[in-house]
Visitor: 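Structure incoming, see below.
Naming: A, B, ... by sequence-line order, numbering from 1 per chain.
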Amino acid sequence: MQRLLILILLSPLSLFSQNSYGHLAGGRSAGLAHATVALPNGFSTHHNQAGLALLRQKQVSASYQQRYLVNDLQLGHLGFSTPVANGHLGLAITQFGFEHFSETKIGLAYAQKLGKFISAGVQVNYEQNFVAEAQTFQTLTFETGLLAQVNEHLNLGFHVYNPTGSWLNENAELRLPTVARLGAAYTFSEEALWVAEVFMENQLSTRYSTGFEYRLLNFMALRAGLAIADDYEGTFGLSAYLEDFSLNVAYQYGFILGPNLSYGLQWAF
Amino acid sequence: MGFLRALLTILILGIGLILRAQVPTEELENELESLAEGNEENETDLIQLAENLQILQQNPIEVNFASSEDLEQIPYLNIFQIANLLRYREETGMLYGAFELTVIKGWDQATIAQVLPYLSFATQKVVPEIKLKNVARYSQHNLLARSILDLQPRQGFKDGSYKGPRGNHYLRYRGQYQDLISIGFTAQQDPGEPWGGPYQKLGVDFLSGHLALSNYGALKNLVVGDYQVEFGQGLALWSSLAFGKGAETVGIKRFARGVRPFTGAEENRFMRGVASTWQIQDWEVSAFYSRHAIDANVDELDTSLQALNVSSLRTTGLHRTAGELSGKDQNTLQTMGGNVNFNYQQLKVGATLVNYQLELSLQASDRVYQKFRFSGKEVTNSSLHFNYLFLDLNIFGEIAFDAQGHSAQILGLQSQPAEAFHASLLVRNLAKEYRFIYNAPFAETGANGERGAYLGLQWQLHKDWQWRAYLDVYEFTWPRFRADAPSRGNDLLSQFNWQGSRWLSAYLRFRQETRQMNSQQETRIQGLEWEQRYSLRLHAVYTLASQWRLSSRYEHSWYHLGSQAETGSVLFQDLRYQFNRWPLQLTARYALINTASFNTRIYAYENDLTYAFSIPPYYGESTRFYLLADWDLTKDLTFQAKYAITRFFDRAEISSGNQAINGPVNSELRMQLRWRF
């Protein structure tokens, strides 16, 4: 009964918005309030594929999030990316939900530098929406992004998911959201980073977020962020770096919806 | 050593300025966009402004011989910069290059880079001769053909209400010999307008043309055909459209250009006949006569009175349905008048007289808010105007009357007490009874007994930071549309411009528009309540490796009327790429739009075909995408195409009535061929 109630309550977020801001993944990103559209890293397959073009190593990324500390609202993400001849190729799987309800997205991404200072990326997704004892829907979507290195400190990023407004299922009137994100990442020094972003979705209020990262020690970084949409959200993050690995933990607290915990792992090789 | 360093500095600066000056188009686009912001419906004037700048670029102003009036044609220069340039020239003699401009007070690098394409530093006055051989050999011709097609048929085409085909077609020729001779014609056909008989006597719906001779001895201008006239501050006579409040916060003074050819496509706002201006020493005399058919709604013939009456004049220029076609050219407007200007050093005074006569009488309206609208057959306006520059203070104004003695006044003041600071103040007072036909004063609407005061500021806070702001407070002493009582309002704009580097700039703009409107609440006595619109915009433009130009924008808008409150937002990304291998440029935009209704609409300037300007309102739950290709087939021949698509998520039908599209998608294809020879 409790599960059913939660499903009903969260259905506007979860049923129709696989890529909406209820489903942003990544431990480092969560610590920065997910203002990371202009920040290239292993999670670029999830936030802005254009960022992949700036990565020189193979990356494996994984994250897990328990929304509102409820066991049934789990978000898992697994990504892999590798440099290829002229660009960078990525594969990512994201899944949200529990045994009776789940949304799965499998994306294949390609990114390339279009010049010295600009990169673009595109990802084709297979998406599946499963509700127990109901119909399962599948569809193909795409997303695309740009990343501009305006100067040595400033990156600007733009990303759009489902630009053509695809339906998950037109007969059932299940439309996938269209999401556009515009953001900046400013590197003060090797240790300090500031990010900010506007996240706009056609079915929800615009989300504004900003975050700050400080690499306090060579093996440790601290993060804090703030997001404003219908809910206010404060985020805190911590990273531990060990050679090619980084482990990220983030705590997000929504004033209305409560706490989230995110864990992330990245391996660059 | 010192001399060498100075020389080197001047050379580097000079080269830098010249390099920067080669790309005025982007500046022009920004300028047009910011001018267009508050003037969403006045697209036609953008065409004329863009064309004037283009002509100016082909025939740059000779700095060493130019008058202040010549220099006023460049929109980026203010009166103080012009006066300082003339003073410098008087004191030091001729200018030999752009580097000299840097030492003139008020001429900063940004201004110089903007105006350089429009200036020439010739030290000998070239007086071109009008010989047929020269005219034939050295004239520049510009031919432009454009077609626009809505890819989804509108209701009016489906049910046959629109009598013509779906395409929008435009053909335009302009020939120019120096700044001496101009000849041109424009033909336009809107979508749904029928070709040829029985509806169109001339084959197309709108045809316009002119032949003009300018700057020939004492003859400043002679235009036969279609033309515009602008005098004073636009209170008595200003036949073209003019800009209102926008991001250009201090440049609010009207620069009347007198008589000039009409090359736009505004079908109901121009003169047709003959006009001329002569300059004799410090005197400038203009006279004009115009007579042409205009659209009107004609009432049924009243047999008892044996007279035709018109209930209103039509200004849309659209003739698609039987109703619209029946009103086409149903009345005739005759306009005649003149203007005298006298220049004495920094003082300019002038007087204008204009008389309008309609063939068919315009009925008085029975609506209260239109009580003082012009009715009958005849309107006469007269005015006195002046402009005086005293050191860093410029004062200007106009007082105008109609034949019944009702008056309207404008008084303005602008000053640049320090190089970094520029302020403008303007007050206007128009009697509610004051009647006019073609006027365009700087005002909110310029009708219904408007009174108001405007204060505009521009402040260079720092090398990279500029602040622009205005505040305008106004009242209407008579009811107006959707306000059944005298009402008030105020507008505010505050904008910070940041120029991070040559390649990166951004601005943050806050705008507020507040006015009183009829209350929406159902009470027995309907009062007024405040309608408020706010918008906050962040816009960044950045160029990467010269081939890429990107711009990003986020804008949020709020709307309040009584207890009704709505918000809206738009996020877009623009991308422009100039190919190295081919003379091809691609421009694309993707925008995500989410506004609660049309109230929170957000206007955005779109890149378009040359001379076609597009500033559509973004509204609803929708996305918009466009791709514009600009291909120079040869040095003189350019082909442009634009494909644009809007998808709505919140409706199954777009627009209404004859314009309705059955479906959530609206797309169009625009193509244009431009030949310069």
Visitor: Under a plain distance cut-off of 3.5 Å, with no hydrogens placed, do B:S569 and A:T206 share a side-chain donor-acceptor pair?
Guide: yes

Visitor: Write down the atom of B:F648, the atom of A:R175, and the distance for their closest heavy-atom approach.
Guide: O-NH2, 4.3 Å

Visitor: Flag yes if more than 12 heavy atoms outside B:N662 fall under 6.0 Å of its CG atom; otherwise flag no.
Guide: no

Visitor: So with a 6.0 Å cut-off around OH of A:Y232, is the heavy-atom count from everything else above 12?
Guide: no

Visitor: Which atoms of A:V160 come close to chain B, meaning under 4.5 Å heavy atom to heavy atom: side chain ones, backbone ones, both, or neither?
Guide: side chain

Visitor: Working to the nearest 0.5 angstrom, can you tell me the gap between B:D650 CG and A:N202 CG?
Guide: 9.0 Å

Visitor: Report which part of B:I645 has an atom under 4.5 Å of a heavy atom belonging to chain A: side chain, backbone, both, or neither.
Guide: neither

Visitor: Can you find a pair of side-chain heavy atoms, one from B:L538 and one from A:V198, that are under 4.5 Å apart?
Guide: no

Visitor: What pair of heavy atoms forms the shortest contact from A:Q203 to B:N594, and how long is it?
Guide: N-ND2, 4.4 Å

Visitor: Rounded to the nearest 0.5 Å, how far does CH2 of B:W503 lie from CZ of A:F117?
Guide: 10.0 Å

Visitor: What closest approach, in Å, do B:L544 and A:Q149 show between heavy atoms, and which atom pair accounts for it?
Guide: CD2-O, 3.7 Å

Visitor: Under a 4.5 Å heavy-atom cut-off, does chain B meet the side chain of A:L114, its backbone, both or neither?
Guide: both

Visitor: Got B:L571 and A:F158 here, is their nearest side-chain heavy-atom distance under 4.5 Å?
Guide: yes

Visitor: Test ring-ring contact (aromatic ring centres under 6.0 Å, His included) on B:Y554 and A:Y208 and set out the steps.
Guide: CA-CA 11 Å; B:Y554 177 69; A:Y208 309 89; 5.7 Å; yes

Visitor: Mind checking the OG-CG spacing from B:S552 to A:L146? Nearest 0.5 Å is all I need.
Guide: 8.5 Å

Visitor: Tell me, for B:L550 versus chain A, whether the close heavy atoms (under 4.5 Å) come from the side chain, the backbone, both or neither.
Guide: side chain

Visitor: Say you draw a straight line from NZ of A:K116 to CD of B:Q547; how long is it, rounded to the nearest 0.5 Å?
Guide: 13.0 Å

Visitor: Using non-hydrogen atoms only, which part of B:Q573 is less than 4.5 Å away from chain A: side chain, backbone, both, or neither?
Guide: both

Visitor: More than 12 heavy atoms of other residues, nucleotides or ligands under 6.0 Å from CH2 of B:W631: yes or no?
Guide: no

Visitor: Between B:L592 and A:T178, what is the shortest heavy-atom contact and its length?
Guide: CD2-O, 3.6 Å

Visitor: For the residue pair B:F625 and A:P163, establish whether any side-chain heavy-atom pair is separated by less than 4.5 Å.
Guide: no

Visitor: Measure distances from B:W548 to the heavy atoms of chain A and classify the residue's part below 4.5 Å as side chain, backbone, both or neither.
Guide: side chain

Visitor: Please look at B:Y542 and chain A and tell me whether the side chain, the backbone, both or neither of the residue comes under 4.5 angstrom of a heavy atom of that chain.
Guide: side chain

